[in-house]
There are 2 protein chains.
Amino acid sequence: MPTTPLTTLKRIAEQLHVSETTVSRILSGQAARYRISKKTEHAVSQLARAHNFVPNPLARGLRLKKTLSVGLVIPDISNPFFAGIAREVALGARKRGYSVILCDSQDDTGLEAQSIALLRSRRVDGIVLCPVGLASDHLREFTENGLPIVLVDRCFSDLPLPYVGVDNLTGAKDATRHLIENGHRHISCLQGLRGTSPNESRLRGYIEALAEHHLPLDRSLIVGGDSYGEASGYIETKFLLQARKDVTALLAFGNLIALGALRALAEEKLRIPEDISIISFDNQPYLAHLAAPMTTVDQPYAEMGQLAVTLLFDQVQPPGRALKGGALLPTNFIIRRSVRKLC
Amino acid sequence: MPTTPLTTLKRIAEQLHVSETTVSRILSGQAARYRISKKTEHAVSQLARAHNFVPNPLARGLRLKKTLSVGLVIPDISNPFFAGIAREVALGARKRGYSVILCDSQDDTGLEAQSIALLRSRRVDGIVLCPVGLASDHLREFTENGLPIVLVDRCFSDLPLPYVGVDNLTGAKDATRHLIENGHRHISCLQGLRGTSPNESRLRGYIEALAEHHLPLDRSLIVGGDSYGEASGYIETKFLLQARKDVTALLAFGNLIALGALRALAEEKLRIPEDISIISFDNQPYLAHLAAPMTTVDQPYAEMGQLAVTLLFDQVQPPGRALKGGALLPTNFIIRRSVRKLC
DNA sequence: CTGAAAGCGCTAACAG
DNA sequence: CTGTTAGCGCTTTCAG
């Protein structure tokens, strides 16, 4: 691919002594519709190819009010869960001839709103949003006709936007049940970001599992809630271990939180599962190779990402009728060896 | 942030009975230079704010030939190493008011070339490229004046482009030396993608360390070379174990390769470090918590990403003189417990 | 079968 | 202190 210095329609038209219009028509596949002579058509497409012509997307976007680009807003691209989703969005978009503009919101609603405003001003044709999940006012606009959007991972009960997520409630219930059935009675939740839908659903799953088994709900075992990050898992575990010597099991609400918990447990010289059991939400490859291969609630993030692009493009370029709604995928409970049988 | 339906300069100008030019001047901070009356200025900026006006980047880009956007090309965003770099690039770009267009090249030179052509056609102001590293012909254009670019992780000896990477040779040498000093004589390299600069430098480091200790170089211990992926680490380890029962240590040329090796070793019921030792290039948080906390060569990927954006914007918006060149950051050898002392 | 003209929204040169 | 004009590159009437 030699470096051709980006030609324009006009230049091609001039060289061939035809009008820009004609060139435009040919190059956008409208030759037949306008019954352009084979001769002109051939000459034009040949020259275009020779010059490696690509229509200027800025000019095109300005005129068409379509940019062939979509936005992708992610709370933290370095979290492998989101990176996995991002990958699928990137591939799916390219497959359809779209570019993706990436925004990292750093789990900050302000930055998220700013990102969306930016994407809107850039005239993207749609947005895949993994929202921070704490506020949704800035998303109101999307409910109406407006800009196509798909929410991933976190959603809002009062906002009927297409959404792709997993069945967090069942996932957490499976995990908690497993712990209870193995004899655990003092199970602590290492929460993610309090107020976000996955966190609340997981919490509900946990609570329901306890209720099912007629176990008391001890609020002081529900800790954390500031973030899904590694630091949060670490700190909360440290405090928890100090305050509650009776805890026998942890349920981490995210892979980074589990990692933080691991670090804290190592510092305290606690062995898994002999001294304490742990289950993590969101499987990652390495979890199978830990000192104690970790039992986890697997989230199918590749499918989540793929489904998200599909739903988005169903709105962007409706094939027939756009299927709104979205989907709640099942989680997959993977039992490894991080839980000790107590009874 | 209420949904204002995206105004234009013209509309503001009409409402205030002034020219578009005046509005443009005021809104681009040139009021003083053109000595625009406080009254007009105030009225305009007020109305603009009320309408939440943002200049249309497409129109702006078309006119100015600047888009306030940069491209980011990554071989695999789901590899935590690259995700870490991507994060810093995204943050650094936003900080400077730039958007980033993300392309995943899937470790395919063809897709990489395509991505670059796309970015060029989209008139990005610069590119951060983590090249596949096998071919560089499509990068020739960047050597001249052209589009600002920074290479990250992999580079080309015959292409003098600004580059940010680590000292792979020393890193691999440290690791190999460590193995040798612990009595290992049959050390296998699980290569990454053969022909890419990090792979070749690491290989050289390995070879030099052997030479230093007057150990013979056994080519059949150098396996893999198809990819930096998990699958490659798995397959190659499987084959290796079959062919060479005398191997006592592995040097994995990437975090995903190490993960694959781990999977293979687990299947073969080999314990680390009792049965086999392993060191991985590219530290990741979880490596500290494996059954055998893994000794690794740490790459400062956050700094790499930050440095890359810095170098890029030094070219995009030169502060004084753009410092070309780039940087080779040192690696950090972290000794954990995946290597057994044999002597 | 082809083209001229207008306009998407913005800015810069040239004029006052 | 302000405005007119032209044009970035493209598509789309409207008019042959």
Side-chain angles (χ1 to χ4, degrees), chain A residues 4-45 47-48 51-69 97 120-125, chain B residues 4-45 47-48 51-69 118 120-125:
Chain A
T4 322
L6 295 176
T7 338
T8 66
L9 266 192
K10 191 172 170 188
R11 225 125 49 194
I12 293 184
E14 279 168 357
Q15 281 189 51
L16 259 34
H17 303 291
V18 294
S19 73
E20 288 181 61
T21 312
T22 301
V23 179
S24 169
R25 280 172 179 152
I26 294 169
L27 265 23
S28 58
Q30 314 226 59
R33 188 144 89 74
Y34 286 97
R35 305 138 137 271
I36 288 168
S37 74
K38 282 290 164 217
K39 186 162 142 287
T40 340
E41 179 177 355
H42 187 76
V44 168
S45 31
L47 189 60
H51 282 348
N52 221 312
F53 173 80
V54 180
N56 183 328
L58 295 148
R60 210 146 191 276
L62 190 57
R63 181 70 232 247
L64 261 20
K65 275 128 179 30
K66 289 205 165 304
T67 53
L68 292 182
S69 67
R120 215 164 71 100
S121 86
R122 289 222 176 246
R123 307 302 198 273
V124 295
D125 299 332
Chain B
T4 321
L6 295 176
T7 338
T8 67
L9 266 191
K10 191 172 170 189
R11 225 125 51 195
I12 293 183
E14 278 167 357
Q15 281 189 50
L16 259 34
H17 303 291
V18 294
S19 73
E20 288 182 61
T21 311
T22 300
V23 178
S24 169
R25 280 171 179 155
I26 292 168
L27 264 23
S28 58
Q30 314 225 58
R33 189 143 89 75
Y34 287 96
R35 302 137 137 273
I36 288 166
S37 75
K38 283 289 165 217
K39 188 163 140 284
T40 337
E41 178 177 355
H42 187 75
V44 168
S45 32
L47 190 59
H51 282 348
N52 221 312
F53 173 80
V54 180
N56 182 327
L58 296 147
R60 212 148 188 276
L62 191 57
R63 182 67 232 246
L64 262 19
K65 276 131 180 27
K66 291 209 163 300
T67 53
L68 292 183
S69 67
L118 171 84
R120 216 165 71 101
S121 86
R122 288 220 177 248
R123 307 303 196 273
V124 296
D125 298 332

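What you are looking at is a predicted structure, and each value in this text was computed from that prediction instead of being measured. Every chain is numbered from 1 and lettered A, B, ... according to where its sequence line falls, protein lines coming before strand lines.
- Rounded to whole Å, the distance from NZ on A:K10 to P on C:dA5 is 14 Å.
- Looking at heavy atoms from C-beta onward, B:N56 lies out of side-chain contact with B:T8 at the 4.5 angstrom threshold.
- Counting all heavy atoms, side chain and backbone alike, A:R25 lies closest to A:I36 at CB-CD1, 3.9 Å.
- B:L6 has its side chain within reach of A:R123: a pair of non-hydrogen atoms, C-beta onward, lies under 4.5 Å apart.
- Taking atom CZ on A:R60 and atom P on D:dC8, their separation rounds to 19 Å, with Å as the unit.
- B:L118 and B:S121 get closest at one heavy-atom pair: O-OG, 2.8 Å.
- Nucleic acid contact for A:T40: sugar-phosphate only, since backbone atoms but no base atoms lie under 4.0 Å from a heavy atom of the residue.
- The OG1 atom of A:T21 sits 11.0 Å away from the CD1 atom of A:I26 when rounded to the nearest 0.5 Å.
- Between A:S37 and C:dT2 there is a side-chain polar atom (N or O) within less than 4.0 angstrom of OP1 or OP2.
- Rounding to whole angstrom units, CG of residue B:L27 and C1' of C:dG9 are separated by 13 Å.
- Contacts between residues 11-22 of chain A and DNA chain D, defined by a heavy-atom separation below 4.0 Å, involve A:E20, A:T21, listed by number.
- Annotation: the span from B:T40 atom OG1 to B:K38 atom NZ amounts to 10.0 Å, rounded to 0.5 Å.
- Looking at the side chain of A:S24, the nearest of the listed nucleotides D:dG9, D:dT12, C:dC10 is D:dT12.
- Shortest non-hydrogen contact noted between A:A13 and A:E20 is CB-N, 3.7 Å.
- Distance from the side chain of A:P55 is smallest for D:dC10 among the nucleotides D:dT2, D:dC10, C:dC10.
- Near DNA chain C, meaning a heavy atom under 4.0 Å from it, residues 61-68 of chain B has B:R63, B:L64 in order of number.
- Summary of helix geometry: the two end axes of the helix from C:dC1-D:dG16 to C:dG16-D:dC1, each defined by five base pairs via their C1' atoms, are inclined to each other by 50° (rounded to 10°).
- Regarding A:R33, its CZ atom lies at a distance of 15 Å from the P atom of C:dC1, rounded to whole Å.
- Between A:L9 and A:S24, the shortest heavy-atom distance links the atoms CD1-CB, 3.7 Å.
- Along DNA chain D, the nucleotide closest to B:K38 and the one closest to A:N56 are compared, and the more 5′ of them pairs with B:K38.
- Spacing between atom CZ of B:R25 and atom P of C:dA13 amounts to 10 Å, rounded to whole angstrom units.
- Ion pair A:R11/A:E14 not flagged as a salt bridge, since none of the NZ, NE, NH1 or NH2 atoms sits closer than 4.0 Å to an Asp/Glu carboxylate oxygen.
- Between B:L68 and B:R60, the closest heavy-atom pair is CD1-NH1, 4.3 Å.
- Straight-line distance from the CD1 atom of A:I26 to the P atom of C:dT2: 7 Å, rounded to whole Å.
- Side-chain contact between B:L27 and B:V44 is present, with heavy atoms from C-beta onward closer than 4.5 Å.
- Here the shortest heavy-atom pairing between A:L58 and B:P57 reads CD2-O, 4.3 Å.
- Contact annotation for A:L9: base contact, defined as any heavy-atom pair under 4.0 Å involving a base atom.
- Atom pair B:L58:CG and C:dT11:P shows a separation of 13 Å (rounding to whole Å applied).
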